[in-house]
Amino acid sequence: MLRHIVKDRIQGYRVGRRTVAKAGARYHIEVSQVFISYARSTALQAKQIAEALRAHGYTVWRDDELPVHRAYAEVIAERLKMALAVVVVWSADAVESEWVQSEADRARAERKLVQLTLDGAPLPMPFDRLQCADLIGWQGDTDCDGWSKVVASVAELVGTSPTMKRPTPVAKLVLPAKPSIAVLPFANLSTDASQVYFADGMVEEITDALARFRTLFVIASSAASAYRDGARDLKIIGQELGVRYLLEGSVRKAADKVRISVQLVEAHGGAQIWSHRFDDTFEDVFALQDRVAGAVAGVLDATLETAEIRRAARRPTADLDAYDLYLQAVSHFRSSGRESVARAVQLADAAVARDPNFACALVLAALGRSSASFIGSLDDLDACRRQGLEQCSRAVSLAPDDPLVLAYAALTLMNFLDDIEVAQRLSERAFTIVPGSAMTLHANGWLHAVNGDPALAIARLEQALRLDPSSSLNPYHLTGIGVALFALGRFDEAVTHFSDALLAVPDYPTPRVFRAASQAYLGRRIEAAADLAKLHACTLDFMLHLQRDPARVSKLRAGLALAREPHAV
């Protein structure tokens with residue numbers, strides 16, 4: 001019941017509960033100050049709007065509260081009449097809805113219309129001539145301009161000031177330089193309430209798995225557990241915990257089946273970055289927790305890095321810190337063109353200049369130099385090799401247990417044609433520390449592709465592809481698989497993988513070299529010669545030395561020789 005008197009625009013003053021007599025029956029209705037009109041396709045957003053208005057102290061009604069014993073149209077008309085403000089949630093579907101337009105017409109006629117748009121769809125006449133708040137992409141942020149306009153209009157119509165109950169202010173934590181994340185308590189969707197222990201166990205396992213990634217800043221599960229109950233304002237949680245990303249999830253157990261759903265969101269704006277669902281049997285609780293935690297941790301490693309690269313690219317270059325420079329370098333490095341790799345080295349060096357002990361930046365600079373050594377993007381190759389090996393050694397000494405540093409170091413030594421056995425050991429060590437990381441799988445797979453078991457290389461790199469099918473690393477995973485297929489003599493499959501890689505990264509020389517040889521073996525000499533013509537001389541020499549097994553070197557050399565004779569019978 002409303003505690004105060006509200007003004008009815010037609011019948012004067014009434015108390016918060018109104019009694020309506022109709023056909024011998026008497027209905028007691030709780031008067032709502034705000035009526036929300038919306039299309040069914042935006043029901044979730046309408047619910048968000050209702051909850052946000054209630055948080056401001058207003059009573060709100062929308063049609064999910066229809067009583068089952070009364071006619072729909074009758075209740076709608078009644079609620080519209082009694083409301084002091086009508087919030088119309090415009091969307092493309094709402095514009096086409098006769099119900100929404102009718103409700104908006106009544107609200108406009110009674111001068112209690114508040115309009116907002118969720119998608120910017122053109123409004124029908126005459127509503128296109130009235131003020132409409134912009135809530136395009138709104139995720140519940142109560143501080144944005146569009147929402148402030150909605151609240152101000154509702155306050156004016158209702159005749160009361162909003163009384164938003166905000167949490168006790170806390171000191172705003174500075175976000176760490178590296179990607180930061182908290183795993184929030186998972187919702188227990190099982191019919192058995194006692195299964196909450198399983199949901200809690202999942203949170204702890206995933207948090208522990210993420211904490212092993214030195215590239216991430218992970219909030220302890222005990223700190224995140226404070227947000228188990230009540231509505232979650234992700235922006236406030238992110239501010240209070242001092243993290244940029246939040247992982248939410250739910251667990252549903254039925255008989256011997258378990259379904260676990262997770263989603264990664266950006267705390268400030270609430271945007272979903274990644275989501276996945278896991279289905280399994282409930283044979284072994286702890287084994288299932290380990291499998292899910294490992295998979296989530298592996299995907300998050302790649303997904304968070306990709307999201308951070310995009311975030312850094314949106315910031316002014318003049319304001320970038322060492323980590324932003326590093327991420328810019330990663331983005332350029334993965335483009336693989338001569339200019340891009342040279343730029344990646346410059347950016348990584350700049351990051352090291354700001355923080356000489358930044359191991360990830362050091363080893364990325366080394367990896368960039370090792371790549372430049374065979375694509376010809378740097379002039380002094382001897383100095384490039386010397387400095388790259390020094391940076392690689394220093395990075396490993398600074399972070400001997402960081403799987404990313406170890407993986408990059410292994411690839412650097414492989415590219416510099418240095419001690420391949422040391423490179424193999426570094427890749428194995430990285431894989432042992434975090435076997436579910438796309439990068440450790442990538443490095444280990446590549447070392448096996450050029451100097452180990454090609455079948456194992458394919459398995460490793462295919463697992464990396466499965467972890468994150470949209471990763472920017474995929475062209476390099478595909479190329480490594482192609483190199484392993486080439487070693488196995490499966491040239492037609494290899495060509496498919498090399499071609500897919502080149503579609504994504506046209507300037508990447510490695511797949512072009514091996515595709516030329518593969519095409520030649522398949523008798524496609526003209527296509528092979530076309531690939532060969534686009535390659536730098538030092539690239540061909542490098543690729544021959546990259547293969548450490550004499551039989552593989554001979555196979556590649558013979559294929560390239562065939563590619564140089566396009567008219568041979």
Side-chain angles (χ1 to χ4, degrees), residues 215 305 309 322-400 402 404-420 422-424 426-427 430 439 442-443 446-447 450-451 472-473 475-476 479-480 505 507-511 513 535-548:
T215 52
E305 184 178 52
I309 290 170
Y323 190 73
D324 288 319
L325 285 167
Y326 162 72
L327 292 173
Q328 294 273 346
V330 171
S331 182
H332 280 280
F333 178 73
R334 289 183 181 173
S335 297
S336 284
R338 296 178 64 186
E339 294 78 10
S340 294
V341 171
R343 179 59 178 156
V345 171
Q346 292 173 355
L347 289 165
D349 282 344
V352 172
R354 295 192 180 206
D355 182 0
N357 293 324
F358 191 175
C360 288
L362 273 166
V363 78
L364 180 61
L367 182 57
R369 284 184 164 82
S370 73
S371 300
S373 69
F374 69 85
I375 63 176
S377 61
L378 295 177
D379 296 330
D380 190 340
L381 295 183
D382 288 337
C384 169
R385 174 185 171 84
R386 184 172 58 255
Q387 186 175 359
L389 288 174
E390 289 174 356
Q391 289 177 320
C392 181
S393 176
R394 176 163 168 73
V396 173
S397 66
L398 285 169
D402 188 319
L404 180 65
V405 170
L406 296 174
Y408 277 11
L411 294 171
T412 298
L413 295 180
M414 180 186 75
N415 287 349
F416 273 136
L417 312 179
D418 203 73
D419 192 331
I420 196 69
V422 173
Q424 189 82 51
L426 288 174
S427 77
M439 180 50 70
H442 174 79
W446 259 101
L447 265 297
V450 301
N451 191 54
S472 58
L473 281 173
Y476 312 102
T479 300
V505 192
D507 292 332
Y508 184 24
T510 306
V513 171
L535 293 165
H536 196 279
C538 69
T539 300
L540 296 174
D541 184 63
F542 168 83
M543 293 300 167
L544 287 169
H545 286 87
L546 180 65
Q547 302 288 301
R548 303 307 170 89

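The structure places CD of Glu390 at 11.0 Å from SG of Cys392, a figure rounded to the nearest 0.5 Å. In this structure, Phe416 CZ and Leu411 CG are separated by 12.0 Å, a value rounded to the nearest 0.5 Å. One distance of note links CG of Leu413 with CG of Leu389; it measures 6.5 Å at 0.5 Å rounding. Atom CG of Asp419 is separated from atom CE of Met414 by 14.0 Å, given to the nearest 0.5 angstrom. A distance of 11.5 Å separates CG in Leu364 from CG in Leu325, rounded to the nearest 0.5 Å.
Across Tyr326 and Ala361, no two heavy atoms sit closer than the pair CD1-CA, 3.9 Å. Scanning all heavy atoms of the two residues, the minimum distance from Pro509 to Leu535 falls at O-CD2, 3.8 Å. Across all their heavy atoms, Val345 and Gly368 have their closest contact at CG2-C, 3.6 Å. When all heavy atoms of Pro356 and Ala353 are compared, the pair lying nearest together is CD-O, 4.4 Å. Across all their heavy atoms, Val363 and Ala395 have their closest contact at CB-CB, 3.7 Å. Between Ala329 and Ala348, the shortest heavy-atom distance links the atoms CB-N, 3.8 Å.
With contacts defined as side-chain heavy-atom distances shorter than 4.5 Å, the pair Trp446/Val450 qualifies. Contact of the Ser340 side chain with the Arg343 side chain is not registered, since no non-hydrogen atoms from C-beta on lie closer than 4.5 Å.
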**OP:** Could you walk me through whether Leu347 and Val330 pass side-chain contact (heavy atoms from CB on, under 4.5 Å), step by step?
**Re:** CA-CA 9 Å; Leu347 289 165; Val330 171; over 6 Å; no

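In this model, no donor atom of one side chain and acceptor atom of the other lie less than 3.5 Å apart for Arg394 and Gln391.
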